[in-house]
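The structure under discussion appears below in the form of structure tokens.
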Amino acid sequence: MSANSIPSPPVHRVALLQLATLVPLCLLVWLALDETTALSTLCGGAVAVLPQAWFAAKLFRARGARSASEITRSALSGEIGKFLLSAAGFAAVFVLLRPLEASAVFAGYVAMLIVQTIGSWWFLMRRQQKQTETPKQEL
Amino acid sequence: MELVLIAAAIMISLGGLGAAIGIGMLGGKLIEGSARQPELAPKLQVTFFLGAGLVDAIPIIGVGLAMYLIFVVAPGMA
């Protein structure tokens, strides 16, 4: 199977799901608590979503067994980029955001990690199950 | 105050070390699995994506806590 014939998994949907969860979550926090906590949650969530989207875009640039070494190289550069983007994001939030609710920043980050794990499992594993079921039905 | 910066440095370095070991092991297994069964390579790549997201979550939270220590707890030192 050539690398071009392998369809790219819907990783962009995971980032969209994260954003679709983050915005209503921040609105709820705003209504339930205050503006500072909501803005801190939004920034913490953005620090999780943007580096993860970068990593996903880098990782799935190459596909297929023949591109295994290229996948590993792009995973390494994606991981370095994710680590640096996250560190820069946290530093920017803690320097620029005033007033700041630090616990809300980490809560937003962890909430987006949970959504990322569940969303990735849901979208990607479900798609793989469909792909493995389709050839069996054809036979 | 210097101890805060040392704590932040240890958090970042050990977090980076843990993430590097984890991602290295995952990448090695990805290549090994792709070489053994090439038809499973796309599935392994997706599993790698899921695993990498979980492996580097805790080190990045450590980096976030280190940034909090540097820029909020001891801002004059940075």
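FYI, side chains are in, hydrogens and waters are out, and symmetry mates aren't considered; it's all heavy atoms of this structure.
- Within the 4.5 angstrom heavy-atom criterion, only side-chain atoms of B:I23, from C-beta onward, approach chain A.
- In the hydrophobic cluster analysis, where Ile, Leu, Val, Met, Phe, Trp and Tyr join through side-chain heavy atoms closer than 4.5 angstrom, B:V63 is grouped together with A:V110.
- Heavy-atom distances place both the backbone and the side chain of B:I61 under 4.5 Å from chain A.
- Under the 30°/60° scheme for interplanar angles, the aromatic rings of A:F55 and B:F48 are found to be tilted.
- When heavy atoms are compared at a cutoff of 4.5 Å, A:S120 approaches chain B by way of both its backbone and its side chain.
- Heavy-atom distances place no part of B:L26 under 4.5 Å from chain A, backbone and side chain included.
- In B:R36, the CZ atom is not crowded: 12 or fewer heavy atoms of neighbouring residues, nucleotides or ligands sit closer than 6.0 Å.
- With a 4.5 Å cut-off on non-hydrogen atoms, A:V47 does not touch chain B at all.
- For a residue to count as touching a neighbouring chain, one of its non-hydrogen atoms must lie under 4.5 Å from one of that chain's; by this rule A:L100 touches chain B with the side chain only.
- Residues A:L76 and B:F49 do not share a hydrophobic cluster, clusters being chains of Ile/Leu/Val/Met/Phe/Trp/Tyr side chains in contact below 4.5 Å.
- Heavy atoms closer than 4.5 Å to chain B are found nowhere in A:R73, neither backbone nor side chain.
- Enclosure of atom CD in A:E35 is not indicated, since only 12 or fewer non-hydrogen atoms of other residues, nucleotides or ligands lie within 6.0 angstrom.
- In summary, the aromatic rings of B:F71 and A:F90 are positioned with their centroids too far apart to meet the 6.0 Å limit.
- Only the side chain of A:L113 comes within contact range of chain B, with heavy atoms under 4.5 Å apart.
- The number of heavy atoms from other shown groups lying within 6.0 Å of OH (B:Y68) does not exceed 12.
- With contacts defined as side-chain heavy-atom distances shorter than 4.5 Å, the pair A:V95/B:M67 does not qualify.
- Between chain A and the residues B:G15, B:P38, B:G33, B:G64, the largest count of heavy-atom pairs under 4.5 Å involves B:G64.
- Annotation: maximal heavy-atom pairing with chain A below 4.5 Å, among B:L65, B:L54, B:L40, occurs at B:L65.
- Using a 4.5 Å cut-off between heavy atoms, A:A56 contacts chain B through both its backbone and its side chain.
- Between B:P75 and A:F94 there is no side-chain heavy-atom pair separated by less than 4.5 Å.
- Cluster membership for A:L28 and A:L39, using ILVMFWY side-chain heavy atoms within less than 4.5 angstrom, is not shared.
- In this structure, A:E79 contributes its side chain and B:A19 its backbone to no donor-acceptor pair below 3.5 Å.
- At a 4.5 Å heavy-atom cutoff, A:V105 makes no contact with chain B through either its backbone or its side chain.
- Of the two parts of B:V46, the backbone and the side chain both hold a non-hydrogen atom closer than 4.5 Å to a non-hydrogen atom of chain A.
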